[in-house]
There are 2 protein chains.
Amino acid sequence: MNLSSIQQEFVLHFGEMGSRWGINRTVGQIYAVLFLSNVPLNADQIVEKLGFSRSNVSMGLKELQAWSLVRMKHLPDDRRDYFTTPEDLWEIVRILVAERKKREIDPTLSKLRELEMQKPDSDADRHAHDLLSELRELIELLTGWYDDMNRLETERLKQLLSLGAKIQKLAGKADILSMVGRRKATDKITAGKGT
Amino acid sequence: MNLSSIQQEFVLHFGEMGSRWGINRTVGQIYAVLFLSNVPLNADQIVEKLGFSRSNVSMGLKELQAWSLVRMKHLPDDRRDYFTTPEDLWEIVRILVAERKKREIDPTLSKLRELEMQKPDSDADRHAHDLLSELRELIELLTGWYDDMNRLETERLKQLLSLGAKIQKLAGKADILSMVGRRKATDKITAGKGT
DNA sequence: TCCTGATTTCAAGAATTACTGAAATTACAT
DNA sequence: ATGTAATTTCAGTAATTCTTGAAATCAGGA
């Protein structure tokens, strides 16, 4: 059970890229193999395909589970653990974004809020304090927007994304409307649509 | 010239976070120091604040320049290089996103396109091939959207972001209307019938 | 319970990445 | 050109992260 040249190359590439993301080469390759496989694989099959030690694969799978990037399955009459990636690519994207936010953004947001509690005592400190507030607000705007987007179902999300900047023309309009009153604005817009 | 406790804590935190991003702790701390400072700093001042070796700071600054995250400045009657971060936070965000895209997304997109040229020979290979196409399309949708957003001026961008999911109601409408014709679409926002 | 296969943990070695001081280079003033 | 301050390079060392095989743990089946 070996990899075709296309698969091989993708797996290698994904391993390299893995190290630019938070995960290491091994974990990246394991993920790629699972991603490409149309059937769930157990740890020994991954060992066979990639040539890593059994324990290395075990640790890699553990890390992927910590990222919620793989699911464990069981086959009838087989005690071994099998693994797959979510079938839906968008689900994978959502997970990735959520996990990276959790690891790379949220801790900083907490820290900024915490630091804002302390009051500045010097002049340079006041400047720093202001910067941190500004940064916090910016991050809150971004994460708030992300939360909104993440609530949308995938088809809606795709619509929005493909609209791209064209949406911006609408935004100007919506901006005007929202000055008249939020209720009115949304009512008018959704009038014929029913939610 | 030393750091207040707030600044100290932020610098340390940023260093820790740095390692979750592609940069290491030292580079993260150097960046944080520059970010907080209201005046440009030279390498020796950074050494003084952080206690790293001069050469380490030099390398860190080099890396930050490779990321376009710091700008070099010169002061009158002073031969030393001074460094600052962009004053505008949004500019920093734009740079960060652009650089991460360049390093983390673009190479994969190229690789996927390249692999799609090769034609699959086995069955499992055909499945893999399809997956890669799907993945490429998804990434293209995302990066296309990003390019659009990145073209917007900051104030527009902020507007859009704060609208959040409310924009989605417009999107459904715009989708329909755009079939009729772009000009009409924006004109008739509040009038048309929905899905 | 004991046995067997599967998985995980762990400590040690391997590999990679980061950091440093010394030497080399650069850039400018005299 | 020469001298000096500033910066960069580089090779060696330190620190961290990765990988492994052996031992420990776990989970059913007889």
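Keep in mind that the numbers below use all heavy atoms, side chains included, and drop hydrogens, waters and symmetry copies. Letters go in sequence order (proteins before strands), and every chain restarts at 1. Not measured: the values here are computed from a predicted model.
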[atom1] of [X] versus [atom2] of [N]: gap in Å, rounded?
X	N	atom1	atom2	answer
Arg25(A)	dT17(D)	CZ	C1'	12 Å
Glu16(A)	dC18(D)	CD	P	14 Å
Met59(A)	dT17(D)	CE	C1'	11 Å
Leu50(B)	dC19(C)	CG	C1'	14 Å
Ile23(A)	dT16(C)	CD1	C1'	17 Å
Ile46(A)	dT8(C)	CD1	P	11 Å
Leu61(B)	dA18(C)	CG	P	16 Å
Asp77(A)	dA6(C)	CG	C1'	16 Å

- [ ] Map Asn24(A) and Arg54(A) onto DNA chain D by nearest heavy atom, then report which one ends up closer to the 5' terminus.
- [x]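 That would be Asn24(A).
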
- [ ] Return yes if the base of dG21(D) and the side-chain atoms of Ser53(A) contain a donor-acceptor N/O pair under 3.5 Å, otherwise no.
- [x]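 Side chain to base: no pair present.
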
- [ ] Indicate, yes or no, whether a donor-acceptor pair under 3.5 Å links the base of dG28(D) to the side chain of Arg79(A).
- [x] no

Open item on the list: So if I apply the side chain to side chain donor-acceptor pair (under 3.5 Å) rule between Lys111(A) and each of Glu9(B), Glu16(B), His13(B), which one comes out positive?
Closed with: Glu9(B)

Task: Thr143(A) OG1 to Lys101(A) NZ distance, which is reported to the nearest 0.5 Å - done: 5.5 Å

Open item on the list: Can you tell me how far apart CD1 (Ile23(A)) and CZ (Phe14(A)) are? Round to the nearest 0.5 Å.
Closed with: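 Spacing of CD1 (Ile23(A)) from CZ (Phe14(A)) equals 6.5 Å.
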
Open item on the list: Check the phosphate of dT7(C) against Lys62(A), side-chain N and O only, distance under 4.0 Å to OP1 or OP2. Yes or no?
Closed with: no

Closest to the [X] side chain: [options]?
X	options	result
Thr26(B)	dA18(C), dT7(C), dT9(C)	dA18(C)
Asn56(B)	dC19(C), dT19(D), dT9(D)	dC19(C)
Ser55(B)	dC10(D), dC19(C), dT7(C)	dC10(D)
Ser58(B)	dT8(D), dT9(C), dA18(C)	dT8(D)
Arg80(B)	dT7(D), dT7(C), dC10(C)	dT7(D)

Task: Cationic tip of Arg100(A) above Trp21(B) ring, under 6.0 Å, 45° of axis - done: no

Open item on the list: Check this for me, if you would: do Glu153(A) and Arg156(A) make a salt bridge, where the nitrogen-to-carboxylate-oxygen distance has to be below 4.0 angstrom?
Closed with: no

Open item on the list: Does Asp81(B) reach a base, just sugar-phosphate, or nothing at all? Heavy atoms under 4.0 Å.
Closed with: sugar-phosphate

